[in-house]
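Worksheet: the structure to be examined is printed underneath.
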Amino acid sequence: MNDVISVIVPVYNVAAYLPQCLDSILNQDYRNLEVILIDDGSEDESGSVCDRYGALDSRVRVIHQKNGGAAAAKNAGLRVATGEYLSFVDSDDFLEPDVYGYMLNLLKEYDADAGEFAFRDVYRTRTEDQVFRPGRSVAEGKAYLIRFTKDWSCALLWNKLYKRSLFESVFFEEGHKIDDEYFTYQGIMNAAKIVCDDRIVYNYRRRASSVMLSPKSREQLTLDRVDAIAKRREKVISRFPELRKEFDVQFLDALVYMSEYPDNTAESLKLLKTHLKAYFRESGNTCPPKCLWRGLLKLYFTGTDKLLAEHVEKNVDTDLHDYFT
């Protein structure tokens with residue numbers, strides 16, 4: 001096979017973990033790689049590590065840019081990627097050995113546009129395998145898209161291999177604390193077939209300093225999740241109106257679920273209320289199922305201060321003792 005896999009690696013202040021990440025990519029059995037490292041204004045030695053690997057391996061291309069966030073870094077990689085296939089690797093994570101050849105062969109065997117694979121959570125003293133779909137299966141594009149309404153793992157970016165053509169003119173939405181939720185489904189909307197396999201290909205390092213765990217980021221994370229799910233519903237229904245019911249119900253379910261987040265703030269609760277009121281004003285939307293009415297009515301009619309007081313009572317900090325720094 002001569003197909004090039006473009007591997008996009010956004011890099012920011014991860015000098016301690018970056019060599020393991022890059023070694024895991026460059027030592028793969030499948031050698032036809034285009035590895036794009038985007039140093040997003042790192043303040044540690046990450047940029048120098050990138051340059052060192054770029055000097056040692058002609059497959060590595062290094063981009064240094066002013067800090068703009070993970071989405072901006074990945075967009076810079078997308079703009080220069082030339083491979084027929086596309087992979088994303090976070091710079092503090094690492095791949096399992098000999099997975100790119102396996103993934104690519106599977107996509108070709110099933111004539112698939114994308115492949116989803118299992119991964120492993122890596123803590124300081126233990127690991128947890130994450131296998132959401134045991135065995136192997138093939139889903140048509142719309143069938144897999146519906147899975148987004150039931151399975152959060154579908155939105156994950158880095159446990160998949162894609163045909164790059166799926167993301168033609170599709171870029172990450174910048175300025176958010178989360179990226180995958182705004183991006184992955186837009187490529188899947190263009191896919192005819194997705195193969196799912198239970199081989200573990202990716203190691204996800206659990207870090208206490210992760211954006212997802214930072215106390216300073218929690219309010220923005222909630223706001224972003226509300227915004228992302230609202231935009232996903234809008235874009236999917238616009239493209240596939242026959243999927244309205246599934247995405248309407250999931251949107252309402254998400255509003256109820258997110259209204260119970262212990263990390264909610266007055267601003268995030270007000271945004272949830274705004275989306276819910278707008279949903280009821282719009283004509284043609286699906287009537288909520290009975291199981292959601294209690295939560296929806298509570299969100300609609302209960303004052304923000306009262307809801308917020310409930311969240312303060314049940315707010316529990318995550319135990320980070322087994323997380324990497």
Side-chain angles (χ1 to χ4, degrees), residues 69-71 74 116 132 141-160 166-167 170-191 194 210-213 217-282 284-289 291-300 304 307 311:
K74 284 179 274 196
E116 174 204 87
F132 293 92
K142 281 200 295 185
Y144 188 86
L145 195 58
I146 292 173
R147 289 182 183 175
F148 276 79
T149 67
K150 303 178 178 69
D151 182 353
W152 63 269
S153 70
C154 291
L156 294 176
L157 180 70
W158 31 257
N159 66 329
K160 300 175 177 70
L166 295 179
F167 295 99
V170 177
F171 292 94
F172 290 87
E173 187 167 322
E174 299 179 18
H176 300 288
K177 293 293 184 182
I178 58 176
D179 300 320
D180 300 6
E181 290 89 336
Y182 285 95
F183 181 80
T184 310
Y185 75 92
Q186 295 191 63
I188 297 300
M189 285 199 295
N190 297 322
I194 296 92
S210 166
V211 167
M212 304 300 286
L213 295 174
S217 302
R218 287 176 178 174
E219 178 182 63
Q220 192 59 49
L221 283 169
T222 303
L223 295 173
D224 285 350
R225 288 189 178 106
V226 178
D227 181 59
I229 203 166
K231 288 178 177 176
R232 185 179 71 188
R233 169 180 169 264
E234 179 182 341
K235 288 184 178 181
V236 170
I237 290 175
S238 176
R239 177 87 170 268
F240 303 106
E242 65 273 22
L243 300 184
R244 172 179 285 277
K245 180 178 179 180
E246 288 88 349
F247 279 84
D248 276 358
V249 172
Q250 191 266 343
F251 177 68
L252 294 172
D253 183 58
L255 292 182
V256 173
Y257 179 76
M258 287 189 284
S259 73
E260 298 174 352
Y261 274 9
D263 293 331
N264 267 311
T265 64
E267 185 178 354
S268 64
L269 288 169
K270 288 176 182 177
L271 182 60
L272 290 167
K273 284 176 170 288
T274 298
H275 277 293
L276 181 58
K277 292 175 181 178
Y279 182 91
F280 283 129
R281 287 196 302 267
E282 295 170 359
N285 287 340
T286 303
C287 180
C291 62
L292 293 180
W293 272 108
R294 182 176 181 178
L296 292 171
L297 292 174
K298 180 180 179 180
L299 175 60
Y300 195 99
T304 301
L307 289 173
H311 298 317

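Rounding to the nearest 0.5 Å gives a distance of 12.0 Å between CZ of R225 and CG of L272. Summarising the geometry, atom CG belonging to L243 is positioned 12.0 Å from atom OG belonging to S238; distances are rounded to the nearest 0.5 Å. Separation of atoms CG (D179) and CG (D224) is listed at 9.0 Å; rounding is to 0.5 Å. Taken from CD1 in I146 to NZ in K245, the straight-line distance is 11.5 Å, to the nearest 0.5 Å. The CG atom of L221 sits 9.0 Å away from the CD atom of E181 when rounded to the nearest 0.5 Å. Note: C154 SG to D180 CG = 12.0 Å, rounded to the nearest 0.5 Å.
F171 pairs by the ring pair (Phe, Tyr, Trp, His ring centres under 6.0 Å) definition with nothing, not counting sequence neighbours. Among residues two or more places apart in sequence or in another chain, the salt bridge (Lys or Arg N to Asp or Glu O under 4.0 Å) test is passed with K160 by none.
The list of salt bridge (Lys or Arg N to Asp or Glu O under 4.0 Å) pairs with a residue in residues 266-280, not counting sequence neighbours, is empty.
By the neighbour-count criterion of 12 heavy atoms within 6.0 Å, atom OH of Y257 is sparsely surrounded, having that number or fewer from other residues, nucleotides or ligands. Under a cut-off of 6.0 angstrom, the local environment of NZ in K298 is sparse, with at most 12 non-hydrogen atoms contributed by other residues, nucleotides or ligands.
Between F172 and F183, the ring planes lie parallel to each other; the angle is under 30°, not in the 30° to 60° tilted range. Ring pair F148/Y185 is perpendicular by interplanar angle, where above 60° counts as perpendicular and below 30° as parallel.
Considering only heavy atoms from C-beta on, I178 stays 4.5 Å or farther from Q220 through its side chain. A 4.5 Å side-chain heavy-atom check between H275 and L255 finds at least one atom pair inside the cut-off. Within the 4.5 Å cutoff, no side-chain heavy atoms of R232 are placed close to those of Q186. In this structure, T222 and N264 have side chains that are in contact, with non-hydrogen atoms separated by less than 4.5 Å. Residues L271 and S268 have side chains not in contact (no heavy-atom distance under 4.5 Å, counting atoms from C-beta outward).
What you find for M189 and R239 is that their closest heavy atoms are O-NH2, 3.3 Å. Of all heavy-atom pairs spanning A254 and I229, the tightest one is CB-CD1, 3.2 Å. Nearest heavy atom pair, residue T286 against residue Y279, reads O-OH, 2.6 Å.
The six-membered or imidazole ring of F132 lies near that of W152, with a centre-to-centre distance under 6.0 Å.
Not one N or O on the side chain of D248 forms a donor-acceptor pair closer than 3.5 Å with the backbone of N285. Distance alone, capped at 3.5 Å, is enough to place a donor-acceptor pair between the S259 side chain and the V256 backbone.
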*From CA spacing to verdict: side chain to side chain contact (heavy atoms under 4.5 Å, CB included), T184, L156*: CA-CA 7 Å; T184 310; L156 294 176; over 6 Å; no

_For Y144 and E116: C-alpha separation, side-chain torsions, deciding distance, then whether side chain to side chain contact (heavy atoms under 4.5 Å, CB included) applies._
CA-CA 10 Å; Y144 188 86; E116 174 204 87; 2.6 Å; yes

_side chain to side chain contact (heavy atoms under 4.5 Å, CB included) for F240 and F247? Distances and angles first, verdict last._
CA-CA 10 Å; F240 303 106; F247 279 84; over 6 Å; no

*Any chance you could lay out the salt bridge (Lys or Arg N to Asp or Glu O under 4.0 Å) test for K142 and E242, step after step, and finish with the verdict?*
CA-CA 10 Å; K142 281 200 295 185; E242 65 273 22; 2.6 Å; yes

*Under the side chain to side chain contact (heavy atoms under 4.5 Å, CB included) rule, what do Y182 and D227 come out as? Steps first, then yes or no, please.*
CA-CA 9 Å; Y182 285 95; D227 181 59; 2.6 Å; yes

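Residues Q250 and D253 bring no donor and acceptor atom of their side chains to less than 3.5 Å of each other.
Salt bridge absent: K150 and E246 never bring a charged side-chain N and a carboxylate O closer than 4.0 Å.
Taking the centre and axis of the six-membered ring of F251, the NZ or CZ atom of R233 falls inside the cone set by 45° and 6.0 Å.
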